[in-house]
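What follows is one structure encoded as structure tokens, with my remarks underneath.
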Amino acid sequence: MINLIFRVLRCLNKSSIYKIFYLQLVTILIALLSVLSAILIAPFIILLSGESLSINNPFFQKVFNLVAVFNNDDLFLHISIIFVSFYVLSILFTLVFTYLNLKWIQDINVFFKNNLYLFYMNKNWLYHSNISSKGIISKIESDTNRLGNSVILPFLNLASNFLISLIIISAIFLVDFNVALISIVTFSLFYLFFYYFFKKKLRKAGDTVTKVYPYYLKSMFEGFSSIKDVILFDKKSYFTNFFSQNVNSLKNSQITQSYLPQIPRSLIEIIFFTLLIGFTFVLVKFYDFKFAEIGAMMGFYGICALKVIPALQKIFNSFASINSNISAFINIENDLINAKKISLKKEINTSSQKIKFQKIIKLNDITFTYPNNKKAGVFNVNMTIPCGSKIGIVGKTGSGKSTLLDLILGFIAADKGEIKVDEVIINNNNIKYWQKNLSYVPQNFFIYEGTIKSNIGFGLDESLIENSKIHNSLLLAELNEFIDNENLEVGENGKKLSGGQKQRVGIARALYKNSEVLILDEATSALDTITERNILRNLENNKNVKTTIIVSHRFETLKMCDKIYFIQNGKVEELKNFEELISKYK
Ligand code: ATP
Ligand code: MG
């Protein structure tokens with residue numbers, strides 16, 4: 001458990017750790033106030049019954065002697081006021097403590113969420129191509145909440161309630177050693193029994209939640225995004241069954257997580273009352289105690305119990321909660337530690353730096369294979385792309401065209417060989433300065449929910465998007481139908497647009513960036529030949545775009561290129577002329 005606490009602390013920032021520490025001081029104050037009010041109930045009850053302040057208990061006798069020093073006519077009133085004040089104060093402090101606890105835990109949750117989001121945003125394309133986005137969403141959304149609310153908060157509850165119990169039980173030790181010993185042994189054995197009895201079940205329930213949550217997200221995302229197929233293939237029942245299986249599995253685990261820890265609470269009350277009555281019986285029957293004395297002792301133990309039993313229950317609940325949600329922490333632990341390192345590094349302002357491209361891009365003997373599929377990739381590629389040229393890339397599906405573009409774009413790094421821009425070798429450190437020169441329309445273009453305008457001015461605040469540039473991009477991408485209608489909502493993933501319109505929005509977005517190199521990966525495949533030709537002609541006339549790299553299967557498009565590279569099984573060769581392409585494609 002101690003080891004686990006240190007592991008969790010490693011993921012937090014310093015200010016959160018300090019806050020947590022200070023919070024424990026408030027707890028000590030609450031515990032002391034509770035003890036004082038519990039002790040003062042004894043003289044209060046004795047005075048209430050009209051007896052004199054004396055009792056057959058050395059500790060309370062001392063307290064009474066102390067109280068008697070202030071003896072005056074209004075002693076009863078004064079004790080009442082002090083008793084109530086302590087009690088009220090302890091409750092007020094508890095309220096403040098609970099609020100701060102909850103607030104700071106939410107701050108921690110936000111800290112985790114922001115860090116993880118930034119961490120995954122910083123990951124390269126290869127990482128994302130290997131990982132499920134539902135897994136990421138589940139980590140950012142569910143696992144961070146479980147870590148904050150069901151691991152860290154319980155840790156705090158554990159610490160504070162342990163302190164409260166310790167202080168109150170110490171007070172009971174002062175009053176009566178035997179009673180304190182019996183209570184401690186009984187309660188500890190009781191809770192330990194339940195903890196070990198439930199441990200495995202809670203752990204299993206927690207593991208199930210961690211495992212099932214991404215599938216639960218998957219059933220929603222994939223079911224609704226493939227709704228046309230679902231209707232046509234008549235697979236509604238398949239998706240609804242998959243969804244309800246996951247929901248039920250989550251439900252069962254969550255019931256286990258919430259219900260099991262509650263069981264001991266009801267039983268502990270039975271034990272406490274049996275002990276209390278038994279204790280009273282023994283005192284009256286065998287020790288000949290007076291009613292006022294028993295009342296005073298019962299009042300003290302009653303108030304102690306009122307504080308200690310919930311505290312013990314919270315300690316137990318905390319152990320149970322930590323145990324059943326630890327899998328969420330383990331699932332994100334490494335990412336959180338690495339994310340913290342990233343968030344500490346300040347982003348250097350690089351807005352003005354850019355690699356100059358005036359002559360030539362050279363790919364020298366580039367080889368790249370996918371880590372999980374060593375047969376796929378590109379091998380010993382040599383290419384030259386002069387500034388101002390139009391380069392065509394052609395080849396069978398799966399031959400490596402997009403992979404080649406990903407290398408030029410710096411989404412993946414070559415295993416062997418180098419890419420040189422003029423005289424600069426592109427590497428991990430300068431890649432972002434190279435990318436400033438590049439605009440790209442991918443094969444599977446992603447449109448986000450919003451307006452045409454916001455999709456073209458990608459990632460910019462609405463107020464920063466320049467209308468004249470939007471207008472120009474629309475013209476170049478042959479999106480005349482949206483001129484003066486730039487605020488049209490395109491729907492989720494561009495559902496309200498046609499396939500060709502989506503591609504043209506993609507081209508307009510790339511053109512809005514105003515880069516010198518434009519890379520099109522089958523970006524005009526859904527367009528009719530006339531529109532495609534018009535767009536390419538617009539680009540030729542556009543002075544900003546100097547160099548274009550086009551992946552296409554259309555001879556019409558390739559004919560307009562200055563150079564054509566043919567790619568087969570990841571190997572690239574430059575074609576001498578257009579006739580060679582026709583013969584290759586046969
Ligand atoms: P298409 O014309 O169908 O778009 P392409 O020529 O663009 O095909 P690539 O996407 O470059 O082909 O893929 C080349 C090979 O690399 C394929 O065999 C593909 O399965 C494999 N591949 C692509 N992406 C990955 C990845 N992230 N991990 C592993 N293998 C991959
Ligand atoms: Mg491709």
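No experiment lies behind these values; they were computed from the predicted model shown. Ligands are counted one by one from 1 in listed order, and the atoms in each one are counted from 1 as well.
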So is Gly398 polar-close to ligand 1, meaning N/O to N/O under 3.5 Å? yes

Plane angle bin for Phe119 and Tyr127 - parallel if under 30°, tilted between 30 and 60°, otherwise perpendicular: perpendicular

Touching ligand 1 at all, Gly395? Heavy atoms, strictly under 4.0 Å? no

Just to confirm my output: which protein heavy-atom neighbour is closest to atom 10 (O) of ligand 1, and how far is it? Ser402 CB, 3.6 Å

Is it the side chain (CB and beyond), the backbone, both or neither of Ser129 that lies under 4.0 Å from ligand 1, heavy atoms counted? side chain

Is Leu126 touching ligand 1 with its side chain, its backbone, both, or neither, if touching means heavy atoms under 4.0 Å apart? neither

Kindly indicate whether atom 20 (O) of ligand 1 is approached by any protein heavy atom to under 4.0 angstrom. no

Centroid-centroid under 6.0 Å between Phe458 and Tyr448 rings: yes

Restricting to heavy atoms, the pick from Gln443, Lys401, His553 nearest atom 2 (O) of ligand 1 would be Lys401

For Thr403, the atoms of ligand 1 under 4.0 Å from one of its heavy atoms are 9 (P), 11 (O), 13 (O), 14 (C)

Just jot down the ligand 1 atoms closer than 4.0 angstrom to any heavy atom of Asn372, in number order. 28 (N), 29 (C)

Ring centres of Phe242 and Phe239 under 6.0 Å apart? no

Please determine if Lys469 forms a cation-pi arrangement with Tyr512, meaning its NZ or CZ atom is less than 6.0 Å from the six-membered ring centre and no more than 45° off the ring axis. yes

Would you mind listing which atoms of ligand 1 come within a distance below 4.0 Å of any non-hydrogen atom of Ala376? 15 (C), 16 (O), 18 (O), 21 (C)

Angle subtended at the Mg ion (ligand 2) by OG of Ser402 and OE1 of Gln443, nearest 10°: 90°

Does ligand 1 come near enough to Asn130 that some N or O of the ligand is less than 3.5 Å from an N or O of the residue? no

Can the ring centroids of Phe243 and Tyr238 be said to lie less than 6.0 angstrom from one another? no

In this structure, are over 12 heavy atoms from other groups packed under 6.0 Å from Lys416 atom NZ? yes

Counting only heavy atoms from other residues, nucleotides and ligands, does the tally under 6.0 Å from CZ of Phe233 exceed 12? no

A quick test of your reading: do over 12 heavy atoms of other residues, nucleotides or ligands sit less than 6.0 Å from OH of Tyr370? yes

In Å and rounded to the nearest 0.5 Å, what is the OG to NZ distance from Ser515 to Lys436? 10.5 Å

Starting from atom 3 (O) of ligand 1, what is the nearest protein heavy atom, named by residue and atom, and what distance separates them? Thr397 OG1, 2.6 Å

Among Thr210, Asn325, Asn331, find the one that has a side-chain hydrogen bond (donor to acceptor under 3.5 Å, both in side chains) with Asp143. Asn331

Could you establish whether Glu522 and ligand 1 come within less than 4.0 Å of each other, counting only heavy atoms on the residue side? yes

min-distance protein heavy atom vs atom 22 (N) of ligand 1 -> Tyr370 CE1, 3.4 Å

Purely on distance, is any nitrogen or oxygen of Gly377 under 3.5 Å from one on ligand 1? no

